[in-house]
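Any value given below was found using the heavy atoms of this structure, including those in side chains, with hydrogens, waters and symmetry copies removed. These numbers come from a predicted model, not from an experiment.
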Amino acid sequence: MKWAPKDESGAAEPVPELRQDPFTRDWVLIAPRRALRPHRTPEPAAEPQDSATDPDCPFCPGNEDRTPGEVWRSAGEGWSVRVVPNRFPLLAARPGLTRRRLGGPFITADGTGSHEVVIESPHHDLDLPDLDDAAVTAVFDAYRDRSRALRDTWPGGLVLPFRNHGTAAGTSLRHPHSQIAALPVVPPRHRQRLDIARAYHDDRGSSLHTDVTTAELADGTRVVAELDQVVALAPFASTAPYAVRVLPRENEASFADVSDATLAATARTVRRLLAALRALLGDVPYNYLVLSAPCGAERAERFSWHLDVLPRLTTTAGFELGTGIAVNPVPPEYAAARLRGALGASRPQGADSRPA
């Protein structure tokens, strides 16, 4: 592992390093600097959510000088969303990717890429489902704009907007935020998704995305919400209890290329899904991931971007680790029915007749 100067004092810190498992070809990121992240997410009882700002929070208004310089800001007076480089990045912001073969079968590469923080609101005490549709749409607008910029910087890699909520899901600061990572490589599992969609199209002459969406809508038991532009489903083979996938009705390989209407519908659907999860299960930890085609494969008509919401309600144990088979104790049909009920019960007057 290489070491790079940290500051003028000569103190050094390790450069992140990608290592490839010779047995699976999976990449592992060795990133010691991540251990330096601040952790300020006490239990709700210890810190009631009753303050719009926290003087010690680097993401609150007035503390802008405590973050790296912003790379994106929402339009209008002041700010509702800011995007800044992560102070404790997973990846080093350096151009290019150099792979090195060490002795024997071992392959390594510098952990270059980009890692940004999306500060979702000036309000310290509000979470994403507490915001209105316009505010959440601004967050997803940041995802789209930064995804466009980052895919040009990292051709052949992968751009991943994601959100961690709760300590068990990886949150280190309570102020509402999400993140965008740009990798210089495409992980094998993600490449496999693209290969499966391509093989399906070659075998059947149709889109896997379209066929799954059509079949799910016809069946209905796993449909959670519908809008004209997007559909929310509890996946047939859900890997987590109450997992939900949001898909566009029309194939679009990259979220960076979505229309304004699809972006707004996605934001609206995700906000209501998160509110429904909280109403049903309490303030549970979760991750959501916006998965797109690799950079440079945006015209892959056989693949479609999608957003996965994954509540962290179970513990991965020996069986799962040893087999790679997820164990889900909640049937997705049951989860979808409960989520539909929660969405319908909280629907405002005059809303679309379909729950969302």
(message) To check you understand the geometry: which heavy-atom pair defines the closest contact between D125 and R174, and what is its length?
(response) CA-NH2, 4.4 Å
(message) Starting from L291 and following side-chain heavy-atom contacts under 4.5 Å between hydrophobic residues (I, L, V, M, F, W, Y), which residues can be reached?
(response) L160, F162, L289, L310
(message) Can you confirm whether S304 sits close enough to L247 that some side-chain heavy atom of one is under 4.5 Å from a side-chain heavy atom of the other?
(response) no
(request) For residues A293 and L158, report the shortest heavy-atom separation together with the two atoms involved. (result) O-CD1, 4.3 Å
(request) Could you check if a side-chain atom of Q179 sits within less than 4.5 angstrom of a side-chain atom of N164, using non-hydrogen atoms only? (result) yes
(request) Grab the two heavy atoms, one from R146 and one from W72, that are nearest each other, plus how far apart they are. (result) CD-CB, 3.9 Å
(message) Do L263 and L227 sit in one hydrophobic cluster, given that two such residues count as connected whenever their side-chain heavy atoms are within less than 4.5 Å of each other, even indirectly?
(response) yes
(request) Of all the heavy-atom pairs spanning L131 and S121, show the shortest one and how long it is. (result) CD2-OG, 4.0 Å
(message) With no hydrogens and no angle check, just 3.5 Å: does a side-chain donor-acceptor pair link W79 and E64?
(response) yes
(request) Using only heavy-atom distances, determine whether the side chains of S238 and N328 contain a donor-acceptor pair under 3.5 Å. (result) no
(request) Measure the spacing between CD1 of I180 and CG of N86 and express it to the nearest 0.5 Å. (result) 11.5 Å
(request) Taking N63 for its side chain and C57 for its backbone only, find out whether a donor-acceptor pair lies under 3.5 Å. (result) yes
(request) State which residue, out of E120, E70, H177, fulfils the side chain to side chain donor-acceptor pair (under 3.5 Å) condition with R82. (result) E70
(message) Regarding T112 and D110, do their side chains bring together a donor and an acceptor under 3.5 Å, going by distance alone?
(response) no
(message) Using 0.5 Å steps for rounding, measure from the CD1 atom of I30 to the CG atom of L90.
(response) 12.0 Å
(request) State, with a plain yes or no, whether a side-chain heavy atom of R151 is found less than 4.5 Å away from one of D257. (result) yes
(request) May I ask you to say whether D308 pairs ionically with R245, meaning some side-chain N is under 4.0 Å from a carboxylate O? (result) yes
(message) The test is side-chain contact (heavy atoms from CB on, under 4.5 Å); show your working for R25 and Q20 and say whether it passes.
(response) CA-CA 6 Å; R25 306 195 74 182; Q20 191 172 57; 4.0 Å; yes
(message) Quick one, P58 and L173 - any side-chain contact, counting heavy atoms below 4.5 Å?
(response) yes
(message) Between V117 and F59, is there a side-chain heavy-atom distance shorter than 4.5 Å?
(response) yes
(message) Under a 4.0 Å threshold between the charged nitrogen and the carboxylate oxygen, would D145 count as salt-bridged to R73?
(response) no
(request) Compare every heavy atom of H124 with every heavy atom of P176, then report the nearest pair and how far apart it is. (result) CD-O, 3.7 Å
(request) Would you confirm whether D152, through its side chain, and A149, through its main-chain N or O, come within 3.5 Å as a donor-acceptor pair? (result) no
(request) Before giving the answer on side-chain contact (heavy atoms from CB on, under 4.5 Å), spell out for T153 and S114 the whole-Å C-alpha distance, their side-chain angles and the decisive distance to 0.1 Å. (result) CA-CA 9 Å; T153 306; S114 177; over 6 Å; no
(message) Does the plane of the ring in Y143 sit parallel, tilted or perpendicular to the ring in Y288? Use 30° and 60° as the thresholds.
(response) perpendicular
(request) To the nearest 0.5 Å, tell me how far S254 OG sits from R144 CZ. (result) 11.0 Å
(message) Can you see whether T108 engages E17 through a side-chain donor-acceptor pair at a distance of less than 3.5 angstrom?
(response) yes
(message) Strictly distance-based, threshold 3.5 Å: is any side-chain N or O of R198 a donor or acceptor partner for the main-chain N or O of R302?
(response) no
(request) Answer whether the closest heavy-atom distance between the side chains of H209 and P248 falls below 4.5 Å. (result) yes
(request) Please round to the nearest 0.5 Å and tell me the distance separating atom CD1 of I119 and atom OG of S80. (result) 11.5 Å
(message) I'd like to know whether T314 forms a side-chain contact (heavy atoms from CB on, under 4.5 Å) with V327, so could you lay out the CA-CA distance, the side-chain angles of the two residues, the decisive distance to 0.1 Å, and finally the verdict.
(response) CA-CA 9 Å; T314 58; V327 177; over 6 Å; no
(message) A side-chain contact here means heavy atoms from C-beta on lying under 4.5 Å apart; do L128 and H165 qualify?
(response) no
(message) With side-chain contact (heavy atoms from CB on, under 4.5 Å) as the criterion, how do V136 and V270 come out once you've worked through the C-alpha distance, each side chain's angles and the decisive distance to 0.1 Å?
(response) CA-CA 9 Å; V136 180; V270 170; 5.6 Å; no
(message) Between L233 and V258, is there shared hydrophobic-cluster membership here, with clusters defined by ILVMFWY side-chain heavy atoms closer than 4.5 Å?
(response) no
(request) Without swapping roles, check the side chain of R19 against the backbone of V28 for a donor-acceptor pair under 3.5 Å. (result) no
(message) Closer than 3.5 angstrom, by distance alone: can the side chain of S74 be matched with the main-chain N or O of V81 as a donor-acceptor pair?
(response) yes
(request) Treat each ILVMFWY residue as a node, draw an edge where side-chain heavy atoms are under 4.5 Å apart, and state whether V246 and L280 are in one component. (result) yes
(request) Answer whether the closest heavy-atom distance between the side chains of V224 and Y242 falls below 4.5 Å. (result) no
(request) Examine distances only and state if a side-chain atom of R312 and a backbone atom of T167 form a donor-acceptor pair shorter than 3.5 Å. (result) no
(request) Please round to the nearest 0.5 Å and tell me the distance separating atom CZ of F106 and atom CG of D21. (result) 9.5 Å
(message) Main chain of A317, side chain of E320: is a donor-acceptor contact present, judged purely on distance under 3.5 Å?
(response) yes
(message) Would you say F255 ends up clustered with V231 if hydrophobic residues are merged whenever their side chains have heavy atoms under 4.5 Å apart, either directly or through other cluster members?
(response) no
(message) Strictly distance-based, threshold 3.5 Å: is any side-chain N or O of R272 a donor or acceptor partner for the main-chain N or O of L343?
(response) no
(request) State plainly whether the residues R189 and D26 are in salt-bridge range, i.e. N to O under 4.0 Å. (result) no
(request) Give the minimum heavy-atom separation between E216 and V223, together with the two atoms involved. (result) O-CG2, 3.4 Å
(message) I'd like to know if the side chain of D127 and the backbone of P129 have a donor-acceptor N/O pair within less than 3.5 Å.
(response) no
(request) Supply the atom-to-atom distance F303 CZ to H190 NE2, rounded to the nearest 0.5 angstrom. (result) 4.5 Å
(request) Answer with yes or no whether the hydrophobic clustering places V71 together with V139; edges join I, L, V, M, F, W, Y residues whose side-chain heavy atoms lie under 4.5 Å apart. (result) yes
(message) Taking side-chain contact (heavy atoms from CB on, under 4.5 Å) as the criterion, tell me which of H175, R66, H123 meets it with C60.
(response) H175
